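First up is the structure itself, then whatever we jot down about it.
Keep in mind it's a predicted model, so treat the numbers as computed, not measured. Note: hydrogens, waters and symmetry copies are ignored here, and every other heavy atom, side chains too, is used. In what follows, every chain begins at residue 1, and chains take the letters A, B, ... in the order their sequences are listed.
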There are 2 protein chains.
Amino acid sequence: MVSEREFLDGYDPRDYPAVAVTVDVVTLTIRDGVLHVLLVERGEQPYAGRLALPGGFVREETLDQAALRELAEETGILPRVHLEQLATFGDPGRDPRMRVVSVAYLAFAPRLPDPTVGGDAAAARWVPVDDATGLAFDHDAVLAAGLERARAKLEYSPLATAFVDEEFTIAQLRGVYTAVWGEEPHAGNFHRKVLSVPGFVEATGTTTERGGERGGPRSKLFRAGDARILHPALLRPTPEERA
Amino acid sequence: MVSEREFLDGYDPRDYPAVAVTVDVVTLTIRDGVLHVLLVERGEQPYAGRLALPGGFVREETLDQAALRELAEETGILPRVHLEQLATFGDPGRDPRMRVVSVAYLAFAPRLPDPTVGGDAAAARWVPVDDATGLAFDHDAVLAAGLERARAKLEYSPLATAFVDEEFTIAQLRGVYTAVWGEEPHAGNFHRKVLSVPGFVEATGTTTERGGERGGPRSKLFRAGDARILHPALLRPTPEERA
DNA sequence: CCAATAGTGTCTATTAGACACTATGAC
DNA sequence: GTCATAGTGTCTAATAGACACTATTGG
């Protein structure tokens, strides 16, 4: 933290200009097997008409609360959303109006209704992550950081269960990995692996009402287990940069 | 980021009071086989006499530059230091004087000279992490986050090489894992494992001048390799919480 | 029947880890 | 010589992944 000496004596408004602190939220969900991110369309300068991550000023609240509030304002009530701090972006000039330090958050949510409620929601929409380029400010970099975090966390945390409904099939869980990693794990091996990791999923004892669209047996249904880390982990087929 | 509407119309000083942005740095090193953290003694209220992480205001610079600058002010020139952003702490009330949002950084350094140069260095010193409790502000939590990050990163990144000199023996590298994890990996298996991970270390072709203090063969010397991630990873003996 | 999918069986290559062993060199 | 340590050999259990196969069910 700031030292007393600097705080009392060294303070010079020219060295320490007014700083605004905001939160931006990278909210990911899966729709029709494709990973989407929640974006809002900017109405005014700068970056008018461009898409941006939803966000806003931090008020008299914790940073976590600020992120949750912003998310709720954009999407209405959010059940079972997982939210975690991602990273903080504060380069001078990232906002042309003033110095803005933005604490980015990452949210994972099961399939959500289209955002039509409250706040800036009129302009909010889900965009496939592959189409989410040319965002306002440095939000391309923020999104990229969020995606890389999400891909990495699928490996060693049971986070995939945050993308599906409360009860889900192994195939739906596999669909999460396919959408986020962009690569489909081998169905049979994935099935056995998921069941073998302690605490990842637990059986409900029930099955789906019907088989697949074009036939097939009914799937057993599962709930998220109580594990907070996966051990052993489900490693990505292609292990790439994780710095 | 902040929406234009809120920025122009919704701004209310009572909602968005003045915020100070600082960086705090968790600097870790190993001295005599024990993990130490760099702390400064506070001279004034609040928390006068208590130990705290070094840090200070962010100026007209990037957050990374601010962290590097603070670290240099505390310790003098820092060769080969690894620095990465850790997390941001911004609870209201974490500083009793005003709203302070602090971006915490994590630094790893090889054995350093005692900090005696410039800045607040007169009061700076290395403290074994086990003794670093009761810190000022919320710095206990910041330090804990830094330690957990360090422990996790040893598994899948070649970060251990940031704690040793440019040329090092496998035993010295093992000492890093022992100090950070608090548990000694099996010497023989560790040796073979380190050499088998592509890009972790590369042989220099030279050996130490002498064997150990109480005898033993000379060790081969190694340099850090070019890998940025370890694959396969070196897993901790006891896989615990990683959220 | 046919196609698609859930779930299981089985085999192989790789790896972690336990343990043992040899060689070196300071004292 | 003694003893701690560097480095290697070897065996076993666990695991990832390839592949094959059976069972189920919608069309």
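For the pair B:Arg210/B:Arg218, no side-chain contact is recorded, criterion being any heavy-atom separation below 4.5 Å from C-beta on.
When only modelled atom types and interatomic distance are considered, B:Ser219 and B:Thr169 share no side-chain donor-acceptor pair under 3.5 Å.
The interatomic distance linking B:Phe190 (CZ) with D:dT5 (P) rounds to 16 Å, in whole Å. Separating the NE2 atom of B:His191 from the P atom of C:dG17 is a distance of 17 Å, rounded to the nearest angstrom. Regarding A:Gln172, its CD atom lies at a distance of 14 Å from the P atom of C:dT5, rounded to whole Å. Atom CZ of A:Arg236 is separated from atom P of D:dG17 by 13 Å (rounded to the nearest Å). Between B:Phe222 atom CZ and D:dA6 atom C1' the separation is 10 Å, expressed in whole Å. B:Leu230 places its CG atom 15 Å from the C1' atom of C:dT15, with the value rounded to the nearest Å. One can place CG of A:Leu221 at 12 Å from P of C:dA6, the figure rounded to the nearest angstrom. As rounded to whole Å, 13 Å separates atom C1' of C:dG17 from atom CG of B:Leu234.
The side chain of B:Arg174 places an N or O atom within less than 4.0 Å of a non-bridging phosphate oxygen (OP1 or OP2) of D:dA6. One finds no side-chain N or O of B:His186 lying less than 4.0 angstrom from the OP1 or OP2 phosphate oxygen of C:dG17.
When distances run from any side-chain atom of A:Arg192 to the nucleotides D:dG7, C:dC19, D:dA18, the shortest one goes to D:dA18. Here the nucleotide nearest the side chain of A:Ala171, chosen from C:dA6, C:dG7, D:dT8, is C:dA6. Proximity note for A:Asn189 (side chain, C-beta onward) versus C:dT8, D:dA6, D:dG17: the nearest is D:dG17.
In this structure, B:Gly216 and B:Pro232 both approach DNA chain C, and ranking their closest nucleotides by distance from the 5' end singles out B:Pro232. Nearest-nucleotide positions on DNA chain D place B:Arg218 closer to the 5' end than the other of B:Arg218 and A:Arg218.
Between A:Phe137 and A:His139, the ring-plane angle classifies as tilted under the 30° and 60° cut-offs. Relative ring orientation between A:Phe108 and A:His82 is described as tilted, the plane-to-plane angle lying within the 30° to 60° band.
Counting non-hydrogen atoms under 4.0 angstrom, A:Ala187 reaches nothing in the nucleic acid. Note on B:Arg210: only backbone sugar-phosphate atoms sit closer than 4.0 angstrom, heavy atoms only; bases stay farther off.
The heavy-atom pair separating A:Val25 from A:Ala107 by the smallest distance is CG1-CB, 4.1 Å.
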